[in-house]
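Read through the structure below, which is laid out as structure tokens, and then see the notes.
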Amino acid sequence: MRLSRYFLPVTKETPADAEVISHKLMLRAGLVRQTASGIYAWLPLGLRVLKKIEQIVREEQDRAGAIEMLMPTLQSADLWRESGRYDAYGPEMLRIEDRQGRDLLYGPTNEEMITSIFKDGAKSYRDLPRMLYHIQWKFRDETRPRFGVMRGREFLMKDAYSFDLDEVGGRISYNKQFVAYLRTFARMGLRAIPMQADTGPIGGDLSHEFIILAPSGESEVFFHKSWEEARSAEDYDVDIEDTDGLQAFVDSMTTEYAATDEKRDEAREVGMGDDLLKSRGVEVGHIFFFGDKYSKAMGLKVSGNDGSMITPVMGSYGVGVSRLAGAIIEASHDDDGIVWPEAVAPYKVGLINMRADDEACVTAADDLYAKLQAAGVEVLYDDRDERGGAKFATMDVIGLPWQLIVGPRGLKNGVVELKRRSTGERDEVSAEVALEKLA
RNA sequence: CGGGGAGUGGCGCAGCCUGGUAGCGCAUCUGUUUUGGGAACAGAGGGUCGCAGGUUCGAAUCCUGUCUCCCCGACCA
């Protein structure tokens, strides 16, 4: 994409509304614009990030054996009356009436709807286990939206639902999602720690929040120092079909101490000494097993192999997709702007032509642009007639992982400059070497 | 939902107390000189002062109502 033809409203000043760093940077970098309290428009650059995040979530859900579908944002109130939640949910649920006077709501979550759909389509024990998911906008009318997209009223969420014949099966589904979550966040360059959350009606330990560490996160978290070390998705490469191995792996991930502020175990902390670390954290995912709460209330039953009727047990698994965009920035930025992890960067390379009025520079930069595109490299080409300083500042604030700088100074010596955003390292290399490194 | 604050060119703000026909910085546009870390100079465009009433010869300014947004707290599968 040529910047001269793009829509990228980057600002030097921060709007007064923004308080947290990710919100400020998202506005400054032209990723989002607020349209109402807690409601955001995703501008072209921001949308690319959102889609990158969404795609990683999708790939890991698919890998875990979940099946993608899409449910609507608007739901019938009758569906929620079946589960009893229409009255129970409270004012956080946005209620709407259509022209016929029918009660609708903008879905804050989809347990009722998925249960109803699954009930319609699954009749036999042979139809289970199944996991279904979708990535769809939700609305929760929070009393006080804040922190930009991290606590919006309208937000993009991946929500998955598992259906199993019994609790043993339910735990297997849960474990598959558990691993998928670790992998998902690791792929985005985040350190996400599973922390035990309030348990569902069944009790036990089948509910975890995934908290990412970020110095400016919204809540305080406490954990064993082993979580400090960076881990990649490969560290979570488990055979999810090996039930025992999967369980052992999940156990190993939940033995080291990790707790949110409300869940602290002081007795345990005392014995940890220097191994205990604390940080700020942002919740980016939450998984839980809730047994037959919805299946029972909504009459979901399938035939067993002995002709009996079985009420399946369910779990649900949420990832805050739009929240992640903010959370990643919280975890990865510096004084100059965003530092995108490569996996979610809107473009991989920012190509800068230092002098739009210099024929040699234009030719060289155009050539690199064409070759990068031909090689399938996502590149944002700053071909505007601006001064170098302004271009550097723009590239730094939008945080693309690589900056490829073409200027008269380097061309004289037959080189271009390759700068890594995360470290600031610069290499003077030939155009060919630069292409090789980026392709 | 309790408490606090703010609405004035795209963004950040001043003016309001003490009514007199709207200003500054940044951004934008034009021109010239510039050009490796957000250039300088000269000129230009752009605002029914959130909205609705009221008081007054006259309202951004005073009064009443209303809407919106932000911050702290409570809440947050």
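All values reported here derive from a predicted model rather than from experimental measurement.
Computed from coordinates, the A:Glu92 CD to B:rC1 C1' distance equals 13 Å when rounded to whole Å. For the pair A:Ile211 CD1 and B:rC76 P, the interatomic distance rounds to 15 Å; values are reported in whole Å. Spacing between atom CE of A:Met157 and atom P of B:rC76 amounts to 16 Å, rounded to whole angstrom units. Distance, A:Glu13 CD to B:rC11 P: 11 Å, rounded to whole Å. In this entry the distance linking OH of A:Tyr89 with P of B:rC75 reads 16 Å, nearest Å. Straight-line distance from the CD atom of A:Gln34 to the P atom of B:rG7: 17 Å, rounded to whole Å. Atoms CZ (A:Arg146) and P (B:rC1) sit 16 Å apart, rounded to a whole Å. Separating the CZ atom of A:Phe139 from the C1' atom of B:rC76 is a distance of 14 Å, rounded to the nearest angstrom.
Atom C1' of B:rG45 sits at a distance of 9 Å from the matching atom of B:rU28, rounded to the whole Å. Distance noted for atom P between B:rG4 and B:rU56: 33 Å (whole Å). Taking the C1' atoms as reference points, B:rA27 lies 11 Å from B:rG12, given to the whole Å. Spacing of P atoms, B:rC63 relative to B:rC71, comes out at 28 Å, to the nearest Å. When the C1' atom is used for both B:rC16 and B:rA59, the distance is 10 Å, rounded to whole Å. Here, B:rC17 and B:rU64 have their P atoms 15 Å apart, quoted to the whole Å. Using atom P as the reference point in both B:rG38 and B:rC24, the two lie 26 Å apart (nearest Å). On the C1' atoms, B:rU61 is 9 Å away from B:rG15, given to the nearest whole Å.
Electrostatic pairing of A:Lys293 and A:Glu111 does not count as a salt bridge here, judged by no charged N lying under 4.0 Å from a carboxylate O. Under a 4.0 Å N-O distance rule, the pair A:Asp334/A:Arg421 qualifies as a salt bridge. The pair A:Arg2-A:Asp366 meets the salt-bridge criterion, since a charged nitrogen lies less than 4.0 angstrom from a carboxylate oxygen.
Two rings, from A:Phe178 and A:Phe210, have their centers less than 6.0 Å apart. Side-chain rings of A:Phe118 and A:Phe163 approach one another, their centers coming within less than 6.0 Å.
Within residues 103-115 of chain A, no residue has a heavy atom under 4.0 Å from RNA chain B.
Partners of A:Tyr294 under the ring pair (Phe, Tyr, Trp, His ring centres under 6.0 Å) rule, at least two apart in sequence or in another chain, are A:Phe290.
A:Thr143 comes within 4.0 angstrom of a nucleotide base, judged by non-hydrogen atoms across all strands. A:Met395 comes within 4.0 angstrom of no nucleic acid atom, judged by non-hydrogen atoms across all strands.
A 3.5 Å limit on both hydrogen-bonding distances identifies no Watson-Crick or G-U partner for B:rC17. Shown here, B:rU33 forms a base pair with B:rA39; the pair counts as Watson-Crick or G-U wobble because both key distances fall under 3.5 Å. When both pairing distances are held under 3.5 Å, B:rC1 makes a Watson-Crick or G-U pair with B:rG73. Using Watson-Crick or G-U wobble geometry with both donor-acceptor distances under 3.5 Å, B:rG46 finds no partner in any strand shown. Here B:rG25 sits opposite B:rC11 as a Watson-Crick or G-U wobble pair (both hydrogen-bonding atom distances under 3.5 Å). Summarising the base pairing, B:rG65 is matched to B:rC51 through a Watson-Crick or G-U wobble pair whose two defining distances lie under 3.5 Å. Base pairing annotation: B:rU56 forms no Watson-Crick or G-U wobble pair, as no partner gives both donor-acceptor distances under 3.5 Å.
Listed pair A:Thr14 / B:rG12 fails the phosphate criterion, with no side-chain N or O lying under 4.0 Å from OP1 or OP2.
RNA chain B is contacted by both A:Gly320 and A:Ala18; A:Ala18 maps to the nucleotide lying nearer its 5′ end (nearest heavy atom per residue).
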Return a single string for nucleotides 34-39 of chain B, one symbol per nucleotide in 5' to 3' order, where B is base contact, S is sugar-phosphate-only contact and - is none, cutoff 4.0 angstrom on heavy atoms.
BBBBBB
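In this structure, A:Arg48 is positioned above the aromatic face of A:Tyr347, its NZ or CZ under 6.0 Å from the six-membered ring centre and within 45° of the axis. Geometric assessment of A:Arg426 against the ring of A:Phe392 yields a positive cation-pi assignment under the 6.0 Å and 45° thresholds.
Between A:Tyr40 and A:His23, the ring planes are perpendicular. Angles over 60° get that label, and only those under 30° would be called parallel. Classification of the A:Trp137-A:Trp42 ring pair by plane angle, with boundaries at 30° and 60°, yields tilted.
Taking 3.5 Å as the limit, the base of B:rC76 and the side chain of A:Arg151 contain a donor-acceptor pair of atoms between them.
Side-chain atoms of A:Ser332 come within 3.5 Å of backbone N or O of A:Val339 as a donor-acceptor pair.
Checking A:Arg58 against A:Gln55 by side-chain atom types alone, a donor-acceptor pair falls below 3.5 Å.
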